[in-house]
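These notes concern the structure reproduced below.
Sequence positions, counted from 1, serve as the residue numbers for this chain. Small disclaimer: the values here were computed from a predicted structure and weren't measured.
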Amino acid sequence: MTLQPRCEDVETAEGVALTVTGVAQVKIMTEKELLAVACEQFLGKNVQDIKNVVLQTLEGHLRSILGTLTVEQIYQDRDQFAKLVREVAAPDVGRMGIEILSFTIKDVYDKVDYLSSLGKTQTAVVQRDADIGVAEAERDAGIREAECKKEMLDVKFMADTKIADSKRAFELQKSAFSEEVNIKTAEAQLAYELQGAREQQKIRQEEIEIEVVQRKKQIAVEAQEILRTDKELIATVRRPAEAEAHRIQQIAEGEKVKQVLLAQAEAEKIRKIGEAEAAVIEAMGKAEAERMKLKAEAYQKYGDAAKMALVLEALPQIAAKIAAPLTKVDEIVVLSGDNSKVTSEVNRLLAELPASVHALTGVDLSKIPLIKKATGAQA
């Protein structure tokens, strides 16, 4: 028989009301003793009555066990909960000749959303743990990736270092070989050049010896030629040259004497001319002195009249010198509105002329009758 025990709104150990539905498989025991017990208990009853008796027994035990457990124990470990119900109910139903073949929890729920909240919390915890796990996994993966990259770079660096060392060793060995080859080549070239130089030196030495012999012969020939040329020059040049030099020397000495005589004559001439000019100057000076003496005596004799004559002779020259700048003037305009004033100015200038001459020469022109008469007329 299949039974579905159901307990509604049964409070758990925490006071949360739950509704639990289970599924039980039961049967009548076949052993003689237990079968007799079952017949005693259920004789005259139909199958439904038997189900109701067993169902009520299971529900009672289910209810009593729910009151001792928490929601988390019931919900999270259903198998343990079902096993506990089966173990507790089996002796009671067994005394009625009934055997529990299986008992499972079909459904557990509540009306206050306790289980859903618990599920959400668990979901959040699981989600959190999952996120943490993912983050840790990604972290570990990143760390491992970085470690792998580092190992790869280390290996690459070591490989590059080994390659660089190999290249450097190769280049050093190559440079050493090249240096050795260059040294051997240079030594061979130097030996060749030295041998060539030695050969050239031998050839040059032989050439020098030949040139020395030729030069000795040439010197001997040139010495003979010099002797011959010297004799020829003595005969053809030196002797005539000495004669010509003697002739030129005689001519030069004669010319020098001539020039000395000419210079002496010229000096005498200049001296004579100077003496003559000095005599003339002396005579002229004496004549001028005599003239001045006579003029002074005449001035002294005639007195003021002579001085007056000199002044009168000099006045035109003085006037010419004074008026010389005026020769460059084209026109002189006297600004005056009164003709009589111009005339008075001219008369004033003429009246001041004897005083100016007296101040310059000491001669009083006012004592001359003509000038005195003119001055009086001006006044």
### Message
Is there a path of hydrophobic side-chain contacts, each under 4.5 Å between heavy atoms, that joins Val23 and Leu3?
### Response
no
Distance check, rounded to the nearest 0.5 Å: [X] atom [atom1] versus [Y] atom [atom2]?
| X | Y | atom1 | atom2 | value |
| --- | --- | --- | --- | --- |
| Asp160 | Leu153 | CG | CG | 10.0 Å |
| Lys216 | Ile219 | NZ | CD1 | 9.0 Å |
| Glu180 | Thr185 | CD | OG1 | 10.5 Å |
| Gln80 | Ile105 | CD | CD1 | 11.5 Å |
| Ile98 | Lys51 | CD1 | NZ | 12.0 Å |
| Leu84 | Leu62 | CG | CG | 10.0 Å |

Minimal non-hydrogen separation, [X] against [Y], with atom names:
| X | Y | result |
| --- | --- | --- |
| Phe42 | Met96 | CE1-O, 3.4 Å |
| Cys7 | Val10 | CB-CG2, 3.5 Å |
| Ala89 | Leu58 | CB-CD2, 3.7 Å |
| Val47 | Met1 | CG1-SD, 3.9 Å |
| Glu59 | Pro5 | CG-CB, 3.5 Å |
| Phe103 | Ile100 | CB-CG2, 4.4 Å |

Under the salt bridge (charged side-chain N to carboxylate O under 4.0 Å, His left out) rule, what pairs show up with a residue in [range], not counting sequence neighbours?
| range | answer |
| --- | --- |
| residues 93-106 | Lys27-Glu99, Asp92-Arg95 |
| residues 143-152 | Arg144-Glu147, Glu145-Lys149, Lys150-Asp154 |
| residues 184-208 | Arg204-Glu207, Arg204-Glu211 |

Could you list the residues that satisfy salt bridge (charged side-chain N to carboxylate O under 4.0 Å, His left out) with [X], not counting sequence neighbours?
| X | value |
| --- | --- |
| Lys256 | none |
| Glu275 | Arg271 |
| Asp107 | none |
| Glu87 | none |

### Task
Count the heavy atoms of every other residue, nucleotide or ligand shown that sit under 6.0 Å from CG of Leu43, and state whether that count exceeds 12.
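Atom CG in Leu43 is not packed in, count stays at 12 or less.
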#### Entry: Within 6.0 angstrom of Gln201 CD, more than 12 heavy atoms from elsewhere
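Count not over threshold, so no.
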### Message
Check this for me: does any side-chain nitrogen of one of Lys286 and Glu290 sit under 4.0 Å from a carboxylate oxygen of the other?
### Response
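Result for this pair is no, no salt bridge flagged.
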### Task
Decide yes or no on side-chain contact (heavy atoms from CB on, under 4.5 Å) for Thr70 and Thr12, but give the supporting numbers first.
CA-CA 6 Å; Thr70 63; Thr12 63; 5.8 Å; no
### Message
The test is side-chain contact (heavy atoms from CB on, under 4.5 Å); show your working for Arg168 and Asp165 and say whether it passes.
### Response
CA-CA 5 Å; Arg168 182 174 62 82; Asp165 292 338; 4.2 Å; yes
Exercise answer: donor-acceptor pairs, residues 28-39 side-chain atoms, under 3.5 Å, sequence neighbours excluded:
none

### Message
The test is side-chain contact (heavy atoms from CB on, under 4.5 Å); show your working for Lys83 and Asp79 and say whether it passes.
### Response
CA-CA 6 Å; Lys83 181 180 178 181; Asp79 293 339; over 6 Å; no
#### Entry: Donor-acceptor contact present, side-chain Asp49 to main-chain Lys45, <3.5 Å
no
### Residues that, via side-chain heavy atoms closer than 4.5 angstrom, fall in one hydrophobic cluster with Val280
Met284
### Task
Share the residues that join Ile208 in a hydrophobic cluster, the rule being Ile, Leu, Val, Met, Phe, Trp or Tyr side chains under 4.5 Å apart at the heavy-atom level.
Val212
Student check: side-chain heavy atoms of [X] and [Y] closer than 4.5 Å:
| X | Y | result |
| --- | --- | --- |
| Val26 | Val93 | no |
| Glu136 | Ile132 | yes |
| Arg6 | Thr19 | yes |

### Message
Using the side-chain contact (heavy atoms from CB on, under 4.5 Å) criterion, which residues pair with Gln56? Sequence neighbours excluded.
### Response
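Gln56 satisfies side-chain contact (heavy atoms from CB on, under 4.5 Å) with no residue once adjacent residues are dropped.
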### Query
Does the side chain of Thr2 pick up a donor-acceptor pair with the side chain of Gln25 at under 3.5 Å?
yes
### Task
Could you walk me through whether Val108 and Leu18 pass the side-chain contact (heavy atoms from CB on, under 4.5 Å) test, one step at a time?
CA-CA 7 Å; Val108 177; Leu18 294 179; 4.3 Å; yes
### Task
Report the C-alpha distance between Glu171 and Lys167 in whole Å, list the side-chain angles of each, state the deciding distance to 0.1 Å, and finish with yes or no for salt bridge (charged side-chain N to carboxylate O under 4.0 Å, His left out).
CA-CA 6 Å; Glu171 293 294 335; Lys167 287 183 178 180; over 6 Å; no
### Query
Who are the side-chain hydrogen bond (donor to acceptor under 3.5 Å, both in side chains) partners of Glu255, not counting sequence neighbours?
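Partners of Glu255 by the side-chain hydrogen bond (donor to acceptor under 3.5 Å, both in side chains) criterion, ordered by chain and then number, come out as Gln259.
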